[in-house]
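Could you have a look at this structure, given as structure tokens, before my questions?
Keep in mind that what you see is a predicted model, and the values were worked out from it rather than measured.
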Amino acid sequence: MRLSEIIKGIAPLATIGGDPEVKEICFDSRKAGEGSCFVAQVGTRVDGHQYIDAVTAQGAVAVVCQQMPAERKEGVAYVQVENSDAALGMMADNYYGHPSRQLKLIGITGTNGKTTTVTLLHRMFRQKNYHVGLLSTIVNKIDEEEVPATHTTPDALELNALLRRMVDAGCQYAFMEVSSHSVVQHRIAGLTFAGGIFSNITHDHLDFHKTMANYIAAKKMFFDNLPASAFALTNVDDKNGMVMVQNTRAKVVTYSLQRMADYHCRVLEDTFQGMLLEENGKEVWTRLVGRFNAYNLTAIYATARCCGMEEEEALRLLSGLEAAEGRFQYVSGRGITAIVDYAHTPDALENVLTTINDIRKPNQRLITVVGCGGDRDKTKRPEMAQIACRLSDRLVLTSDNPRTEEPESILDDMEAGLSRDDLSQTVRITDRRQAIKTAVMMAREGDIILVAGKGHEKYQDVKGVKHHFDDREELERELGVKTA
């Protein structure tokens, strides 16, 4: 493809050189080769501009950059743009033939509920015999073909390549998690969304965004950029629900459990086996548990209706849905019920614990095993420990993914949120395997164990090395029973 076709729609600040044929686009200098177009991005750790000379020596025929280099190689085209990240998204869209315009791409953003919502929408529409793509934290899918996920939202090139594969496979819909990072970093630039969903916003990612105002603004930017042809589905029970859509051109649709909305849900019955819901006056039994899942299911139901699905069909399919991997999943044995959940934010942890407390019997004790990830927002650590202690009978603090931090210092941060009385019901065990084993040893018949924080993850990240670790496997071993 000619460079002029790849940069179509971008208003360059300056262009020097011809219009070469480009074989590939890259932003990693190590991947630049003969005939490539290199996009120099200003990263948080490395500035791609320092590799411009190297990539042209490796055979790159075009460079897109924010600062034009003082010395330029003859025969290489240089394009200066205002923002390389945004340019890369639009270039990827052009290069792969605008795949997001050739299916209905629906994105969800919010602190909690993204993975469950997109995963269950994918299952729901597959059961309706649609060809469907999925872009999630756990996995990317083209119908039932799995493509491993490395980030909540892939980079712009990978994202458009995946969407192109989905279109070529005949996909009519694609459901996608849209992280706040991906919005700010312009990874979704150039994409055309048919719909956007807002779940909620609570304390998270302040290591990246610095303030809640910045975090909210990042989520809102997604809705600001939706086209007039799209729908914007928002949770009006969240105090920022209407803030998200106040400047959108899309058609605003609302959902709620607490107030008037286009899609209103009531929880009629909540048990460990499932919930009886009333969606816009119609009763439906679902296998998912907890008010937080009532919100997820209402968003799923509303999305299906916004996509043209008949009411009765949407309710029928809703009733057959099961939890996403690592989201309120059960492991039972020796008369003990253990639950594995991805809850890794204060709000998510409180939701899960509140759900268990609402359902459990007075004689059932609740033992919680939880940690916090390293190299992430430190301010939520004491808050999470406080929530876990307040809503549990016994608390086991342990490692999550310490990454490059010392596990002991992370646990110190968590313990800082606990009083002397709190510490009397708390055990600190750095080794996560030993922590789970101890929780099982502490449990009596009828008790409930929650192991929170990692959910679907099959590894523990220590000093940059990912070691195999699966909370569910550990519980199965200790309880002596395979999951049903």
Side-chain angles (χ1 to χ4, degrees), residues 1 3-12 22-33 36-49 51-52 55 60 62-66 79-103 105-109 114 118 133-137 140 142 147-168 171 174-194 196 208 218-219 221-227:
M1 188 180 285
L3 177 63
S4 57
E5 296 175 276
I6 293 172
I7 63 170
K8 192 174 182 180
I10 299 169
V22 172
K23 292 180 181 177
E24 62 175 354
I25 305 168
C26 62
F27 58 87
D28 184 338
S29 62
R30 294 166 297 184
K31 296 180 181 178
S36 63
C37 174
F38 175 68
V39 181
Q41 295 175 285
V42 182
T44 53
R45 296 177 184 173
V46 179
D47 187 347
H49 288 76
Y51 299 108
I52 289 175
V55 298
V63 173
V64 174
C65 53
Q66 288 177 206
V79 180
Q80 185 182 8
V81 295
E82 187 174 337
N83 186 300
S84 294
D85 297 340
L88 178 63
M90 297 176 72
M91 291 165 67
D93 177 55
N94 288 333
Y95 185 75
Y96 286 101
H98 314 292
S100 62
R101 300 180 194 175
Q102 296 167 51
L103 44 65
L105 176 62
I106 294 162
I108 177 169
T109 196
K114 297 188 296 295
V118 294
L134 171 69
L135 293 148
S136 82
T137 303
N140 300 316
I142 302 169
V147 183
T150 55
H151 298 85
T152 303
T153 310
D155 66 67
L157 286 171
E158 184 186 352
L159 186 49
N160 279 275
L162 276 167
L163 288 168
R164 169 46 58 193
R165 286 180 60 186
M166 290 174 188
V167 170
D168 291 346
C171 289
F175 299 106
M176 172 182 173
E177 289 187 53
V178 177
S179 68
S180 54
H181 295 66
S182 74
V183 177
V184 173
Q185 294 169 349
H186 301 283
R187 279 182 256 158
I188 59 170
L191 298 184
T192 301
F193 285 89
F208 178 81
K219 299 287 188 190
M221 198 187 306
F222 170 59
F223 293 93
D224 290 349
N225 292 327
L226 288 177

Open item on the list: If you define the side chain from C-beta out and look only at heavy atoms, does anything of S36 sit under 4.5 Å from V55?
Closed with: no
Open item on the list: Nearest 0.5 Å, please: how far is CG in L157 from CD in E24?
Closed with: 9.5 Å
TODO: Check ring-ring contact (aromatic ring centres under 6.0 Å, His included) between F193 and all other residues, then give those that pass, not counting sequence neighbours.
DONE: F222
Task: Shortest non-hydrogen contact between S100 and G190, atoms and distance - done: OG-O, 4.3 Å
Task: L162 side chain reached by P154 side chain, heavy atoms, under 4.5 Å - done: yes
Task: Nearest heavy atoms of P99 and R164, plus distance in Å - done: CB-N, 3.6 Å
TODO: Spell out, as yes or no, whether a donor-acceptor pair under 3.5 Å connects the side chain of N94 to the backbone of K8.
DONE: yes
TODO: Report yes if the side chains of I108 and M176 come closer than 4.5 Å at any heavy-atom pair, otherwise no.
DONE: no
Open item on the list: Please determine whether side-chain contact (heavy atoms from CB on, under 4.5 Å) holds for the pair C26 and V39, giving the CA-CA distance in whole Å, both sets of side-chain angles, and the decisive distance to 0.1 Å.
Closed with: CA-CA 6 Å; C26 62; V39 181; over 6 Å; no
Task: Check: L135 and E177 side chains under 4.5 Å, non-hydrogen atoms - done: no
- [ ] To the nearest 0.5 angstrom, please state how far the CD atom of Q66 sits from the NE2 atom of H49.
- [x] 5.5 Å
Open item on the list: Quick one, L191 with L159, criterion side-chain contact (heavy atoms from CB on, under 4.5 Å). Give me CA distance, side-chain angles, the key distance, then yes/no.
Closed with: CA-CA 10 Å; L191 298 184; L159 186 49; 3.5 Å; yes
Open item on the list: So which atom in V147 and which in I142 form the shortest heavy-atom distance, rounded to 0.1 Å?
Closed with: CG2-CD1, 4.4 Å
TODO: Nearest 0.5 Å please: distance from the CG atom of L163 over to the CG atom of L103.
DONE: 6.0 Å
TODO: Kindly say whether A40 contributes a backbone atom to a donor-acceptor pair with the side chain of S84 at under 3.5 angstrom?
DONE: yes
Task: Test item: side-chain donor near acceptor, D85 and Q185, under 3.5 Å - done: no
Open item on the list: So, applying side-chain contact (heavy atoms from CB on, under 4.5 Å) with L88, which one of N160, I25, N83 is it?
Closed with: I25
Task: Distance in Å, Q102 CD paired with T192 OG1, rounded so as to fall on 0.5 Å steps - done: 10.0 Å
Task: Test item: T109 side-chain N/O and S179 main-chain N/O as donor-acceptor pair under 3.5 Å - done: no
Task: K114 side chain reached by V178 side chain, heavy atoms, under 4.5 Å - done: no
TODO: First locate atom OH of Y96, then atom CG of D168, and finally report the distance between them rounded to the nearest 0.5 Å.
DONE: 11.5 Å
Task: Approximate separation, where rounding is to 0.5 Å, of C37 SG and F27 CZ - done: 13.0 Å
Open item on the list: I'd like to check D28 versus F38 (side-chain heavy atoms, cut-off strictly below 4.5 Å). Are they in contact?
Closed with: no
Open item on the list: side-chain contact (heavy atoms from CB on, under 4.5 Å) for H181 and R187? Distances and angles first, verdict last.
Closed with: CA-CA 8 Å; H181 295 66; R187 279 182 256 158; 3.4 Å; yes
